Trainee: 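Submitted below is the structure of interest, expressed as structure tokens.
Keep in mind that this is a model prediction, so the values were computed, not measured.
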Amino acid sequence: RGQQDTTMPPEQDIAVPAAAREPSANSNQWWRPLLVLSALAASASPSVSAAEEDASSSDQSPPSSARMTLRHVTAGGTAPDLPALRDMQRDDRYHRRMHQSRSSDRPSRRASLVDYGGANPYEYRSDEPEDDATEQQQQQRYQQQHRKLDDDDDDNIHRKNYQGWKPIRIHVNTDYLDLTIEDNPDDVLAQQKIAYLRDEVFPEAVGRFRDVLRVYPVERLEIDKEGSCPGFGIAVQYDLVVFAFADCAADADGDGRPDTGRIANGRSCQGDDYDRPVAGYAGMCLDAIDLATERGRKIALETVLHEFVHILGFYWEDFVAYRHPRTGLPRTPLVDREVTRTVTCTDGLRREVIMPGDDTLRAFVNPKTRKTQYEIMTETVTAVARNQFGCSDLTGAWLEDRQEGAGDDCFGSHWDFRLFSTEFMTASATATDQYMSPLTVALLEDTGWYRANYNSDHVKLSPFGRLAGCDFVYEDCIINGQIPSYSKGNF
């Protein structure tokens with residue numbers, strides 16, 4: 001795996017003129033104008049718009065074709081209210097957020113134009129006048145404002161809207177996958193795999209996250225044309241847009257399979273003003289999908305769920321953007337996001353990185369391997385990890401040690417395989433069942449961007465190491481060829 005409403009509409013045609021497939025006389029890249037981003041709702045009829053520029057390509061970016069264009073995608077099953085959209089665009093509050101987003105010093109990957117209708121629990125901060133206050137003074141001001149959460153004032157907009165979280169609405173765009181079919185009309189197996197992803201796996205994944213996670217609903221989302229996403233435009237009444245495409249890691253030996261064993265990759269490409277990912281992309285290696293066995297089909301679903309969690313925020317570069325769930329304050333002070341520190345990464349190399357706050361991430365030396373690892377220390381994650389093993393000595397949940405093909409990942413973007421092998425957010429798919437456990441759900445909730453439903457049927461307790469005690473965590477699993485008492489039932 002890489003770093004990663006439950007029904008689909010009838011298949012919709014995608015207009016791609018033949019001329020779009022011819023190389024440009026003035027460019028080494030080819031163009032695909034008029035690529036339509038279809039909505040999930042069967043009766044939705046988004047209009048077509050032209051992609052008028054090349055997509056820049058990089059080692060970590062999605063396909064290098066011209067980027068998809070979406071316009072007025074809606075989750076409501078009907079065409080959006082265009083006059084209402086125009087009114088929203090004229091609204092002073094919208095334009096202020098737009099200006100602040102574009103003038104921000106945060107990386108372009110985080111630039112966003114996201115409208116919550118003025119009712120997001122954290123959004124009142126956008127109404128604060130700009131001044132020359134220092135970062136410390138701003139933090140003190142925010143803390144004073146957040147104390148209003150405990151007030152009984154019925155006019156407190158923050159308090160009134162705190163219960164306004166709704167099931168997350170995810171739109172999966174499969175136009176790139178459909179183009180893969182057009183480019184390989186004789187590859188029947190690839191067509192079957194793409195159809196399985198589009199018609200079964202993606203809808204199931206969307207439905208599961210809708211049951212597990214809540215967000216404050218977005219009224220209008222604009223994916224930045226100048227950003228790094230493989231598409232741009234406007235989506236109405238969706239909280240997250242995911243662009244899916246076929247992708248395998250480098251194939252140096254030419255055997256048609258990824259050399260690193262990576263079967264998928266995914267991450268976010270744009271966030272809102274509070275850093276929550278609102279767009280991302282997921283690449284699936286079609287060669288790694290096995291439709292012949294039930295286990296193979298199950299791994300395909302687990303892999304898509306896995307990549308969606310990377311998009312939702314389980315990624316090492318996103319740790320620094322997490323917020324306190326109740327207050328919305330950054331866990332890592334904004335001033336610290338501008339400063340790099342030299343740290344030892346999981347590959348043993350020293351690098352300069354932006355280090356998350358002390359209540360988010362901590363480095364430690366693994367007592368068995370004597371190598372540097374990192375652990376997530378947020379409050380809910382720590383409580384779940386302690387409860388999982390029955391070990392109050394744990395100070396957090398361990399992230400992975402170094403994985404092949406991890407690239408620049410310094411901290412790890414998966415759970416430690418030794419402790420959490422039956423968790424679907426480890427780096428490797430296994431022959432045994434892997435679960436969406438409370439641990440991963442707790443991490444998503446501790447980002448401050450989501451509210452979690454731990455009672456969902458899709459959230460399962462992991463049986464591995466369950467209540468086995470601290471010895472299971474810190475000692476060898478097998479000693480002198482024998483299974484110690486704390487490992488029995490697990491090995």
Trainee: Just say parallel, tilted or perpendicular for the rings of Phe308 and Phe209, cut-offs at 30° and 60°.
Mentor: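 The rings of Phe308 and Phe209 lie parallel, inter-plane angle below 30°.
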Trainee: Check for a donor-acceptor pair, side chain of Glu222 on one end and backbone N or O of Asp115 on the other, with a separation under 3.5 Å.
Mentor: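 Between the backbone of Asp115 and the side chain of Glu222 there is no qualifying donor-acceptor contact (under 3.5 Å).
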Trainee: For side chain to side chain contact (heavy atoms under 4.5 Å, CB included), just list the numbers for Leu334 and Arg337, CA-CA rounded to whole Å, side-chain angles, deciding distance to a tenth of an Å, and then say yes or no.
Mentor: CA-CA 5 Å; Leu334 298 180; Arg337 299 192 199 180; 3.6 Å; yes
Trainee: Is the backbone N or O of Thr380 less than 3.5 Å from a side-chain atom of Glu445, with the two atoms forming a donor-acceptor pair by type?
Mentor: no
Trainee: Quick check for you: to the nearest 0.5 Å, what is the distance between Leu312 atom CG and Leu444 atom CG?
Mentor: 6.0 Å
Trainee: Does the ring center of Phe464 lie less than 6.0 Å from the ring center of Phe417?
Mentor: no
Trainee: Would you say Ser462 and Glu423 are linked by a side-chain donor-acceptor pair, where the criterion is simply a distance under 3.5 Å?
Mentor: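 Absent: no donor and acceptor within the cut-off.
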Trainee: Could you tell me if Gln270 and Asp224 have a donor-acceptor pair between their side chains, going purely by distance under 3.5 Å?
Mentor: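 Absent: no donor and acceptor within the cut-off.
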Trainee: Check Asp318 against Gly313 and note the closest heavy-atom contact, atom names and distance.
Mentor: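 Result for this residue pair: CB-O, 3.6 Å.
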Trainee: Say you draw a straight line from OG1 of Thr174 to CE of Met284; how long is it, rounded to the nearest 0.5 Å?
Mentor: 13.0 Å
Trainee: Is Arg267 salt-bridged to Glu317, cutoff N-O under 4.0 Å?
Mentor: yes
Trainee: Strictly distance-based, threshold 3.5 Å: is any side-chain N or O of Thr440 a donor or acceptor partner for the main-chain N or O of Ser437?
Mentor: no
Trainee: Using every non-hydrogen atom in the two residues, find where Glu400 and Asp409 come nearest and quote the distance to one decimal.
Mentor: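 What the structure gives for the nearest pair is OE2-OD2, 4.2 Å.
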Trainee: To the nearest 0.5 Å, what is the distance between OH on Tyr281 and OG on Ser268?
Mentor: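 If we round to the nearest 0.5 Å, Tyr281:OH and Ser268:OG are 8.0 Å apart.
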Trainee: Do the ring planes of Tyr322 and Trp449 sit parallel (below 30°), tilted (30 to 60°) or perpendicular (above 60°)?
Mentor: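 Rings of Tyr322 and Trp449: perpendicular, as their planes differ by over 60°.
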Trainee: Over all heavy atoms of both residues, which pair between Asp239 and Pro167 is shortest? Give the atoms and the distance, please.
Mentor: OD2-O, 4.0 Å
Trainee: Start with the C-alpha distance between Thr346 and Phe411, add both sets of side-chain angles, then the distance that settles side chain to side chain contact (heavy atoms under 4.5 Å, CB included), and finish with yes or no.
Mentor: CA-CA 6 Å; Thr346 55; Phe411 311 134; 5.8 Å; no
Trainee: For the pair Lys298 and Glu294, find out whether any cationic side-chain nitrogen is under 4.0 Å from an anionic carboxylate oxygen.
Mentor: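 Result for this pair is no, no salt bridge flagged.
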Trainee: Looking only at heavy atoms, what is the nearest atom pair of Met377 and Asp358, with distance?
Mentor: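 Looking at all heavy atoms of both residues, the shortest contact is SD-O, 3.8 Å.
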Trainee: How about Leu467 and Phe389: do any of their side-chain heavy atoms sit closer than 4.5 Å?
Mentor: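 They are not in side-chain contact.
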Trainee: For atom CG of Asp476, decide whether the heavy atoms of other residues, nucleotides or ligands shown that lie under 6.0 angstrom number more than 12.
Mentor: yes
Trainee: So do Met355 and Val343 actually touch side chain to side chain, heavy atoms under 4.5 Å?
Mentor: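 When only atoms from C-beta onward are counted, Met355 and Val343 do touch, with a gap below 4.5 Å.
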Trainee: Taking atom CH2 of Trp316 and atom CD1 of Ile354, what is their separation to the nearest 0.5 Å?
Mentor: 9.0 Å
Trainee: Would Ser456 and Asn453 satisfy side-chain hydrogen bond (donor to acceptor under 3.5 Å, both in side chains), going step by step from the backbone distance to the final call?
Mentor: CA-CA 6 Å; Ser456 169; Asn453 174 19; 4.6 Å; no
Trainee: Has Lys166 got a side-chain atom pairing as donor or acceptor with Pro217's backbone, closer than 3.5 angstrom?
Mentor: no
Trainee: Specify whether Tyr176 and Phe245 have parallel, tilted or perpendicular ring planes, treating 30° as the upper limit for parallel and 60° as the lower limit for perpendicular.
Mentor: perpendicular
Trainee: Stepwise, does the side chain to side chain contact (heavy atoms under 4.5 Å, CB included) test hold for Phe314 with Phe319?
Mentor: CA-CA 8 Å; Phe314 193 167; Phe319 297 158; 4.1 Å; yes
Trainee: Just by distance, do the side chain of Ser413 and the backbone of Tyr315 share a donor-acceptor pair under 3.5 Å?
Mentor: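 No; judged by distance alone, with no hydrogens or angles, the pair does not exist.
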Trainee: Below 30° counts as parallel, above 60° as perpendicular, anything between as tilted: where do the rings of Tyr216 and Trp165 land?
Mentor: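 The rings of Tyr216 and Trp165 stand perpendicular, inter-plane angle above 60°.
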Trainee: Any side-chain heavy atom of Leu240 within less than 4.5 Å of one from Val215?
Mentor: no
Trainee: Test Leu349 against Thr344 for side chain to side chain contact (heavy atoms under 4.5 Å, CB included), laying out the working first.
Mentor: CA-CA 6 Å; Leu349 299 179; Thr344 301; over 6 Å; no
Trainee: Any side-chain heavy atom of Ile170 sitting closer than 4.5 Å to one from Arg210?
Mentor: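 Answer no - side chains too far apart.
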Trainee: If only side-chain N and O atoms count, and only distance matters, is there a donor-acceptor pair under 3.5 Å linking Asp401 with Asn366?
Mentor: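 No, because no side-chain N or O of Asn366 sits under 3.5 Å from a partner of the opposite role on Asp401.
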Trainee: Please name the pair of heavy atoms, one in Leu361 and one in Leu399, separated by the smallest distance, quoted to 0.1 Å.
Mentor: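 What the structure gives for the nearest pair is CD1-CD1, 3.8 Å.
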Trainee: Would you check if the side chain of Arg466 reaches a backbone N or O of Asn387 as a donor-acceptor pair within less than 3.5 Å?
Mentor: yes
Trainee: If I take atom SG from residue Cys285 and atom NZ from residue Lys193, how far apart are they, to the nearest 0.5 angstrom?
Mentor: 8.0 Å
Trainee: Examine distances only and state if a side-chain atom of Asp187 and a backbone atom of Ala190 form a donor-acceptor pair shorter than 3.5 Å.
Mentor: yes
Trainee: With a cut-off of under 6.0 Å to the ring centre and 45° to the axis, is Arg418 in cation-pi contact with Tyr474?
Mentor: no
Trainee: Should Thr340 and Val353 count as side-chain neighbours, where that means a heavy-atom distance under 4.5 Å?
Mentor: no
Trainee: Do Val212 and Tyr450 have side-chain heavy atoms sitting under 4.5 Å apart?
Mentor: no
Trainee: Which value, rounded to the nearest 0.5 Å, describes the distance between Arg295 atom CZ and Asp290 atom CG?
Mentor: 11.0 Å
Trainee: Can you tell me if Arg451 uses its side chain to pair, donor with acceptor, with the backbone of Pro325 under 3.5 Å?
Mentor: yes
Trainee: Would you say the side-chain atoms of Arg331 pair up with the backbone N or O of Asp446, donor to acceptor, closer than 3.5 Å?
Mentor: yes
Trainee: Could you tell me whether the side chain of Pro463 reaches within less than 4.5 Å of the side chain of Tyr435, counting heavy atoms only?
Mentor: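 Result yes, sub-4.5 Å side-chain heavy-atom pair found.
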Trainee: Looking only at heavy atoms, which two atoms of Thr180 and Asn184 are closest? And how far apart?
Mentor: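 Here Thr180 and Asn184 meet closest at O-ND2, 2.9 Å.
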Trainee: Could you tell me whether the side chain of Asp272 and the main chain of Arg276 form a donor-acceptor pair under 3.5 Å?
Mentor: yes
Trainee: Compare all side-chain heavy atoms of Thr378 with those of Leu443 and state whether any distance is below 4.5 angstrom.
Mentor: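 Side chain of Thr378 against side chain of Leu443, heavy atoms only: no contact under 4.5 Å found.
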Trainee: Consider only side-chain N and O atoms of Glu375 and Thr395, and report whether a donor and an acceptor are under 3.5 Å apart.
Mentor: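 A donor-acceptor contact under 3.5 Å links the two side chains.
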